[in-house]
Amino acid sequence: MMSDVIPKNASKTGIAALQRCIVPGCAAAFGILEQIYVCPRCGGPLEIEVPLERLKSVPDLRERWHARAASHETRDRSGVWRFRELLPFDDDAPVVTLFEGKTPLYDAPRSAKYAGLSALRLKHQGCNPTASFKDTGMTTTVTQAKLLGAQTVVCASTGNTAASLAAYAARAELQCAILLPQGQISPAKLAQSMDYGAVVCEIAGNFDDCMRLISELADVPSIYIANSINPFRIEGQKTVAFELLEQCGWRVPDHVVVPGGNMGNSSALGKGFDEMLRLGLIARLPKISIIQAEGSAPLAHLFAGLKSSEIAADGALPNEIAPVANPRTLATAIKIGAPVSWKKALRAVVRTHGSIITVTEQEIADAKAVIGRDGIGCEPASATTVAGIRKLTASNNIHAGESVVAVLTGHVLKDPDYVSNYHRGTLSFESVTAEGIAKTLQISGAFRNAPEKVAANKEAILKSLESRR
């Protein structure tokens, strides 16, 4: 019988973990309990550095993590905390959990055929407690807030972060404040934040305006910022990479494709896969590709303009990104013009030789409907992945026989109005021409499935069924 006893020096990762600036010319280190979000010296992004060397002496980490999945101990019931050897917390940390993680990896044959692949798997993060991937990062963020003695947790959000933070703050008995761009949030997501007891502040402006206000609140000691600029968010989200590898039998996919909004998700996956490689648990990295909506694609624009020397794995990355002043997309979860985690995300793509591309509103809408035909519902932003894979396959950046995993970030019920309007033929998008003229574009759904008025008799029902076979 396998022992679940871990050497003390292997379990106490929190003692030796630190916060490190990722800017090569700086690389300043800070204590794990310092309440900071960017490097105080240079303003660069921070990353949690977990001491991996001591874990190399633990021979059965994979077996240990697998065994915990059957345990009823509180931390083991979380798909994040069962990987706690790689989290920057001590064993006595006041864990705040809703038993997040443990999300399914689905085969999706119809989506695969649509994308030009032999097979495609979908990692559905919408099956988390508040129905988005944000929960895996919020459990570690709110736990850290408790450790620091914060009174209020706050975030800017396009909806999913707000819902997640509100739920975890409620579990932790902390005040929660949400900054939302007024009129730009799905009613379903807003309803979650209200129901969980958050103070909802609707701001005149877009998400980036909300993030500006968040940065102004960062110096208030009693307030803890929960956006992905916070490196503790990334620590929880990186465990998705561990869980995915476990579900794949530790056979590394050739490609992992994610939507691109504020870029915390792609940053976290990049960190997670890198830690598995450094521990020797995998022999190579999957190619990480990011897909952005055409009207909200600052990182895709930057990537398209990079020289080959800048895309080299050991090349120096750009210091600046040109924000999109007025991002536009119906995929509200990724309607972000100035992503805070773009440097970490770009580093992950470059290190793994992936791609960053855009897809249109029409491509997103049709891909979403195809995913639905596999019996797997997702929010619009998630569908950028399948739409992007289709384009990457057509351009030979992905080959038909390669193993590909698309990450779905949110549940279909996050935006039910979008679904209904697509299938009824009433989905439209307000675009802006190069001359600055607004125009409404109708989304013509190739996979519409509108309700049909049928007479209340057996013959009419059978006729309707026959016509749709």
Side-chain angles (χ1 to χ4, degrees), residues 78-80 96-106 122-142 153 155-171 176 178 180-181 184-196 198 200 207 226-228 230 233-234 236-241 243-244 257-269 290-291 293 329-336 339 341 364 368 371 376-385 406-419:
S78 164
V80 171
V96 181
T97 180
L98 286 166
F99 308 131
E100 54 290 315
K102 301 178 291 184
T103 59
L105 180 66
Y106 294 119
L122 307 179
K123 176 66 170 165
H124 202 341
Q125 292 297 92
C127 295
N128 272 294
T130 75
S132 87
F133 77 97
K134 306 289 186 177
D135 295 348
T136 55
M138 216 54 76
T139 181
T140 46
T141 303
V142 177
V153 287
C155 73
S157 180
T158 57
N160 284 334
T161 302
S164 183
L165 180 60
Y168 282 82
R171 296 296 292 179
C176 177
I178 306 297
L180 300 175
Q184 300 181 45
I185 302 298
S186 161
K189 297 176 184 178
L190 181 57
Q192 287 181 282
S193 296
M194 293 190 293
D195 211 40
Y196 301 144
V200 179
F207 172 83
N227 283 97
S228 60
N230 185 325
R233 268 273 304 275
I234 305 305
Q237 288 173 208
K238 75 182 183 184
T239 62
V240 177
E243 183 176 273
L244 173 60
V257 184
V258 294
N262 217 20
M263 303 295 167
N265 203 12
S266 42
S267 300
L269 288 168
I290 298 172
I291 316 299
T329 177
L330 294 174
T332 55
I334 55 173
K335 190 179 179 181
I336 297 170
S341 297
I364 295 171
K368 179 177 158 24
I371 294 169
I376 306 166
C378 67
E379 70 175 348
S382 299
T384 60
T385 54
V407 177
L408 305 183
T409 49
H411 195 276
V412 64
L413 295 180
K414 286 284 189 174
D415 198 347
D417 289 346
Y418 182 104
V419 182

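No hydrogens, no waters, no symmetry mates; every other heavy atom, side chains included, goes into these values.
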With sequence neighbours left out, what residues match [X] under side chain to side chain donor-acceptor pair (under 3.5 Å)?
X	result
Ser164	Asp135
Thr384	none
Ser132	none
Ser186	none

Using the test side-chain contact (heavy atoms from CB on, under 4.5 Å), find all partners of [X] that sit at least two apart in sequence or belong to another chain.
X	answer
Thr239	Val80, Phe83, Leu87, Phe242
Pro416	Ala188
Val412	Lys368, Val419
Ala331	Thr329, Ile334, Pro380, Ala381

Residues two or more places apart in sequence or in another chain: which of them pass salt bridge (Lys or Arg N to Asp or Glu O under 4.0 Å) with Lys414? none
Residues forming a salt bridge (Lys or Arg N to Asp or Glu O under 4.0 Å) with Glu379, sequence neighbours excluded: Lys189
Counting N and O atoms only, with roles assigned by atom type, does the side chain of [X] sit under 3.5 Å from a partner on the main chain of [Y], one being a donor and the other an acceptor?
X	Y	answer
Glu243	Lys102	yes
His124	Gly377	yes
Gln192	Thr130	yes
Ser382	Thr409	yes
Thr103	Cys127	no

What distance separates [X] [atom1] from [Y] [atom2], expressed to the nearest 0.5 Å?
X	Y	atom1	atom2	answer
Tyr196	Ile178	OH	CD1	11.5 Å
Asn262	Asn160	CG	CG	12.0 Å
Ser267	Ile234	OG	CD1	5.0 Å
Ile185	Ser193	CD1	OG	8.5 Å

Closest approach of [X] and [Y], non-hydrogen atoms and distance?
X	Y	result
Cys378	Ala383	SG-N, 4.1 Å
Cys155	Asn227	CA-OD1, 3.3 Å
Leu269	Val258	CD1-CG1, 3.3 Å
Gly159	Leu180	N-CD2, 4.4 Å
Ile371	Ile376	CG2-O, 2.9 Å
Glu100	Thr136	CG-CA, 4.2 Å

Worked check of side-chain contact (heavy atoms from CB on, under 4.5 Å) between Leu244 and Leu105: CA-CA 8 Å; Leu244 173 60; Leu105 180 66; 3.9 Å; yes
Can you find a pair of side-chain heavy atoms, one from Asn128 and one from Met138, that are under 4.5 Å apart? no
Take Tyr418 and Ile364 through the side-chain contact (heavy atoms from CB on, under 4.5 Å) test and state the conclusion after the steps. CA-CA 11 Å; Tyr418 182 104; Ile364 295 171; 4.0 Å; yes
One pair to check against side-chain contact (heavy atoms from CB on, under 4.5 Å): Gln237 and Phe133. What are the steps and the verdict? CA-CA 8 Å; Gln237 288 173 208; Phe133 77 97; 3.7 Å; yes
Going through the distances and angles, do Met263 and Ile290 end up as a side-chain contact (heavy atoms from CB on, under 4.5 Å)? CA-CA 9 Å; Met263 303 295 167; Ile290 298 172; 4.1 Å; yes
